Amino acid sequence: MTNTVAAANAEISRCVAASSRPIFDEPTIATQTPLVIRPYRLFSQRFPLLSLSLLERNSISSSRFRSMPNDSDASGGLTYKDAGVDIDAGSELVRRIAKMAPGIGGFGGLYPLGDSFLVAGTDGVGTKLKLAFETGIHETIGIDLVAMSVNDIVTSGAKPLFFLDYFATSHLDVDLAEKVIKGIVDGCQQSDCALLGGETAEMPDFYAKGEYDLSGFAVGIVKKDSVIDGKNILAGDVLIGLPSSGVHSNGFSLVRRVLARSGLSLKDQLPGAAVTLGEALMAPTVIYVKQVLDIIGKGGVKGIAHITGGGFTDNIPRVFPEGLGAVIYKDSWNVPAVFKWIQQAGKIEDAEMSRTFNMGIGMVLVMSKEASQRILEDANGAYTAYRIGEVVNGEGVSYH
């Protein structure tokens, strides 16, 4: 058994080595300290991990709650909570953790390193994996995995440096694992960071046959005087939205409940679109890193929110100073057909949709009116951006 597992891991190492390389087309902000190779572990580590040797002990830690529900069939209405995910419980857990580790609550954790901060984030792809198992689409789920972490850390203005992954399964299918890891490599290339290492864990009897779980971890860097922290946001500032590719990587517990009750299959055509439901739902999460860093470089960005679980309602206020809220212009962007189908098929209220899904906007940037006008003018042809709202006095998010 030992020889079999070791051989499988060696094959994965070969696949990764053939398809990945450190990507540093642009110089990193801080001078890098020496890299230290950690010992190779016999059974489960895919290839040696590299780590930066850090001297400072003080850290500013931060975390984004992500609930992993048990998606058993249960009676009740089609809300995220009834589908198994309780956002309020997640918020309560974060509040309790904050008592033990003050400073959490942002999209990424900041660790001081000289005149810069290392910015770290970690995440998975939730029950979107269930659809990967059902559709057989494994080539892009790795892009989702990278996106969820690098999109979080870029909200601080950080350039991603490297990414680590964790792949766990009951029995290692090398061909399937290679497809997943190639997606991770693709995601790292899109975000201009290195796939630095990973872990492949084979755990018999823990997962169903053919299934696996994923998690990822990204680290980036930003100068201390360039951190995007929202402190300078004022009433009257503008919200600029960058379009999503669809559902991205959250809300799938509710999506799957809607699908089960709709009578449609993943092979059926998505109403109002030229793709199947499976193709629409498995569309990989947009990686916003290069676009966001380019916009930041033009000046005027005060705050950035990655729109994941919690939607606009919970994520946008996270970047505001106390006493400020937002008004969202509901008809200011094109809502993808997949969200219209989800809402109609599940008979879901507007408020529930806005607190669960990104509704077609995956990243929101807060900036002055002058800066927003410049960005919107520059966007023509290069990328798509929408003016989706503004900052107002008073807390919370309202929709008009």
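Note that the structure is a prediction, hence the values are computed from the model and not measured.
- The shortest non-hydrogen separation linking Pro317 to Phe312 is CD-O, 3.6 Å.
- How far CD of Glu134 is from CG of Leu129: 11.5 Å, rounded to the nearest 0.5 Å.
- Cluster membership for Val174 and Val180, using ILVMFWY side-chain heavy atoms within less than 4.5 angstrom, is shared.
- Closest non-hydrogen pair, Pro284 versus Ile143, comes out as CB-CG2, 4.0 Å.
- In this structure, His138 and Tyr212 have tilted ring planes: the angle between them lies in the 30° to 60° band.
- Cation-pi contact between Arg318 and Phe107: present, with separation from the ring centre below 6.0 Å and deviation from the ring axis of at most 45°.
- In this structure the side chain of Ile233 reaches within 4.5 angstrom of the side chain of Leu324, judged on heavy atoms.
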Decide side-chain contact (heavy atoms from CB on, under 4.5 Å) for Asn151 and Thr285; before the verdict, give the C-alpha distance in whole Å, the side-chain angles of both, and the deciding distance to 0.1 Å.
CA-CA 10 Å; Asn151 285 345; Thr285 304; 4.1 Å; yes

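- Among all heavy-atom pairs drawn from Ala218 and Val150, the shortest one is CB-CG1, 4.0 Å.
- Residues Ser265 and Leu277 have side chains not in contact (no heavy-atom distance under 4.5 Å, counting atoms from C-beta outward).
- Judged by a 6.0 Å distance limit and a 45° cone about the ring axis, Lys224 is positioned over the six-membered ring of Phe117.
- Taken from CG in Asp331 to CD1 in Ile388, the straight-line distance is 12.5 Å, to the nearest 0.5 Å.
- Residues Leu161 and Leu118 approach most closely at CD1-CD2, 4.3 Å, considering heavy atoms.
- Summarising the geometry of Ala385 relative to Leu242, their closest heavy-atom pair is CB-CD2, 3.9 Å, with the distance given to 0.1 Å.
- Counted within 6.0 Å of CD on Glu395, heavy atoms from surrounding residues, nucleotides or ligands total more than 12; the atom is thus considered enclosed.
- Thr384 has its side chain out of reach of Trp333: every pair of non-hydrogen atoms, C-beta onward, lies at least 4.5 Å apart.
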Any chance you could lay out the side chain to side chain donor-acceptor pair (under 3.5 Å) test for Ser249 and Asp144, step after step, and finish with the verdict?
CA-CA 7 Å; Ser249 301; Asp144 291 303; 3.2 Å; yes

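- Leu239 and Tyr383 fall within a single hydrophobic cluster, where Ile, Leu, Val, Met, Phe, Trp and Tyr side chains are chained together by heavy-atom contacts under 4.5 Å.
- Using a 4.5 Å heavy-atom cutoff, the side chains of Asp350 and Gln343 are in contact.
- Note that the NZ atom of Lys302 and the CG atom of Asp237 stand 3.5 Å from one another [nearest 0.5 Å].
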Begin from the C-alpha positions of Asp314 and Arg355 and carry the test salt bridge (Lys or Arg N to Asp or Glu O under 4.0 Å) through to its verdict.
CA-CA 7 Å; Asp314 287 354; Arg355 200 189 178 200; 3.0 Å; yes

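- In this structure the side chain of Met148 reaches within 4.5 angstrom of the side chain of Thr308, judged on heavy atoms.
- Shown here is Lys298, whose NZ atom has more than 12 heavy atoms of other residues, nucleotides or ligands within 6.0 Å.
- Val364 and Val335 end up in the same hydrophobic cluster when Ile, Leu, Val, Met, Phe, Trp and Tyr side chains are linked at under 4.5 Å.
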When you look at Val238 and Ile240, which way does the side-chain contact (heavy atoms from CB on, under 4.5 Å) test go after all the steps?
CA-CA 6 Å; Val238 174; Ile240 298 296; 3.9 Å; yes

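- By the side chain to side chain donor-acceptor pair (under 3.5 Å) test, Tyr288 is found to be paired with no residue, residues two or more places apart in sequence or in another chain being considered.
- Atom CZ of Arg96 is separated from atom CD of Glu92 by 4.5 Å, given to the nearest 0.5 angstrom.
- With values rounded to the nearest 0.5 angstrom, Asn250 atom CG is found 8.0 Å from Phe252 atom CZ.
- Side chains of Asp123 and Ser149: no donor on one and acceptor on the other come within 3.5 Å.
- Taken together through direct or relayed side-chain contacts under 4.5 Å among Ile, Leu, Val, Met, Phe, Trp and Tyr, Val227 and Val119 form part of one hydrophobic cluster.
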Going through the checks in order, is the side-chain contact (heavy atoms from CB on, under 4.5 Å) test met by Ile328 and Ile316?
CA-CA 10 Å; Ile328 301 296; Ile316 293 177; 3.9 Å; yes

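- Within a 6.0 Å sphere centred on CZ of Phe206, other residues, nucleotides and ligands contribute 12 heavy atoms or fewer.
- Closest non-hydrogen pair, Ala147 versus Ile287, comes out as CB-CG1, 3.5 Å.
- Summarising the geometry, atom CD1 belonging to Ile141 is positioned 5.5 Å from atom NZ belonging to Lys128; distances are rounded to the nearest 0.5 Å.
- A salt bridge links Lys182 with Glu178; the closest basic N to acidic carboxylate O contact falls under 4.0 Å.
- Under the 4.5 Å side-chain criterion, counting only non-hydrogen atoms from C-beta, Phe339 is in contact with Val247.
- With no hydrogens or angles considered, a side-chain donor-acceptor pair links Asn358 and Ser244 at under 3.5 Å.
- Cluster annotation: Leu254 is connected to Leu264 through the hydrophobic network of ILVMFWY side chains, with a link wherever side-chain heavy atoms come within less than 4.5 Å.
- Contact check for Leu214 versus Tyr166: no side-chain heavy atoms found under the 4.5 Å cut-off.
- Listed by chain and residue number, nothing satisfies the salt bridge (charged side-chain N to carboxylate O under 4.0 Å, His left out) test with Glu349 (two or more places apart in sequence, or in another chain).
- A heavy-atom distance below 4.5 Å is not found between the side chains of Ile304 and Val319.
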Could you walk me through whether Thr276 and Leu266 pass the side-chain contact (heavy atoms from CB on, under 4.5 Å) test, one step at a time?
CA-CA 7 Å; Thr276 66; Leu266 292 169; over 6 Å; no

